[in-house]
Structure formats: structure tokens, C-alpha cells
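Beneath this line is the structure, given in C-alpha cells, with notes to follow.
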Amino acid sequence: LPTLRGRACFARVLGAGQARRSNGVVLHWIQNGLTGNRYGIAAKASTGTAVTRNRVRRWARELLRRWDARLAPGYDVVVIARSREAAEDYWQFADHLAHTLLKAELAQPGELS
């Protein structure tokens with residue numbers, strides 16, 4: 001999974017990109033001029049302990065890896081887990097992330113499962 005690295009990359013997406021949110025999951029994205037997507041994943045301290053934040057990041061990484069081929073290409077995407085609600089259950093988190101990707105129009109209905 002191609003990733004965004006460094007504070008400058010995250011700051012560019014968060015500062016100049018668009019954003020959508022769904023129940024504790026926030027998605028920021030901006031076009032990158034490349035043929036593929038790059039992803040950044042973060043979890044705020046309000047999500048829970050370090051163990052919980054790492055778990056949520058692993059969930060997001062796995063879901064994005066699975067869905068990458070079905071998402072619109074050419075974007076830098078940052079996923080941020082912001083609340084404990086996002087970390088309660090894998091399937092709930094997957095639903096929130098899928099819903100956010102649909103709201104951002106980076107995926108088509110029925111493609112993410």
C-alpha cells in the first residue's frame with residue numbers, strides 16, 4: 001500500500017484538500033497527479049490507548065489495501081480516527097470508512113464490501 005510519509009505530505013492534504021466525516025472517521029483527500037493513490041493513516045489520542053490507536057490504524061490499512069483497486073485513482077488520502085466510537089468494532093469501523101469514501105465520491109455504491 002503506497003503511503004504518505006512526513007509532516008509536509010500530511011499538512012498539504014489536510015490544509016489544501018477536501019474533507020468528509022462519518023461517526024468518528026474523517027477523510028481528507030487531494031489530487032496528486034499520479035496514476036495511483038497514496039494513503040496516510042492517523043488516530044487521535046481521543047480514540048483510546050496506544051494499543052487501540054494501533055489497532056485502528058491496522059484496520060484502516062487492511063481495508064484500504066483491500067479496496068485500493070476499486071477507488072478512484074490519483075489521490076492522496078488521509079484517514080483519521082477521531083473518537084472511541086470508531087475503535088469499538090472492526091465491522092462498524094469498516095462501514096464508517098466505506099460511507100466516508102462514498103461521501104467523498106472516491107468509490108461507487110456497491111463496490112466496497
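Linking Ile, Leu, Val, Met, Phe, Trp and Tyr residues whenever their side-chain heavy atoms come within less than 4.5 Å leaves Phe93 and Val51 in two separate clusters. In terms of hydrophobic clustering, with Ile, Leu, Val, Met, Phe, Trp and Tyr side chains grouped at heavy-atom distances under 4.5 Å, Val79 and Trp91 are assigned to a common cluster. Under the 4.5 Å side-chain heavy-atom criterion for ILVMFWY residues, no single connected hydrophobic cluster contains both Leu106 and Leu34.
The two atoms that bring Ala87 and Val56 nearest to each other are CB-CG2, 3.4 Å, heavy atoms only. The two atoms that bring Ala86 and Val25 nearest to each other are CB-CG2, 4.1 Å, heavy atoms only. Between Trp67 and Ala98, the shortest heavy-atom distance links the atoms CH2-CB, 3.8 Å.
Within the 4.5 Å cutoff, the side chain of Ile41 has heavy atoms near those of the Leu64 side chain.
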For this session: Would you sort out whether Arg38 and Val77 count as a side chain to side chain contact (heavy atoms under 4.5 Å, CB included), showing the intermediate values?
Result: CA-CA 6 Å; Arg38 297 185 300 183; Val77 178; over 6 Å; no

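By the side chain to side chain donor-acceptor pair (under 3.5 Å) test, Thr100 pairs with no residue at all, sequence neighbours left out. For Asn37, the side-chain contact (heavy atoms from CB on, under 4.5 Å) test picks out Tyr39, Asp68, Leu71, Tyr75, with sequence neighbours left out.
Taking Ile, Leu, Val, Met, Phe, Trp and Tyr as hydrophobic and joining them when side-chain heavy atoms fall under 4.5 Å apart, one finds Val13 in a cluster with Leu4, Phe10, Leu14, Val26, Ile30, Val78, Ile80.
Going from atom CG of Leu27 over to atom CG of Leu97 covers 7.0 Å, rounded to the nearest 0.5 Å.
Listed by first and then second residue, the side chain to side chain donor-acceptor pair (under 3.5 Å) pairs that reach into residues 52-62 are Thr49-Thr52, Asn54-Arg57, Glu62-Arg65, sequence neighbours excluded. Residue pairs meeting the side chain to side chain donor-acceptor pair (under 3.5 Å) criterion with at least one partner in residues 6-21, sequence neighbours excluded, are Arg12-Asp76. Judged as a salt bridge (Lys or Arg N to Asp or Glu O under 4.0 Å), not a single pair has a partner in residues 81-106 (not counting sequence neighbours).
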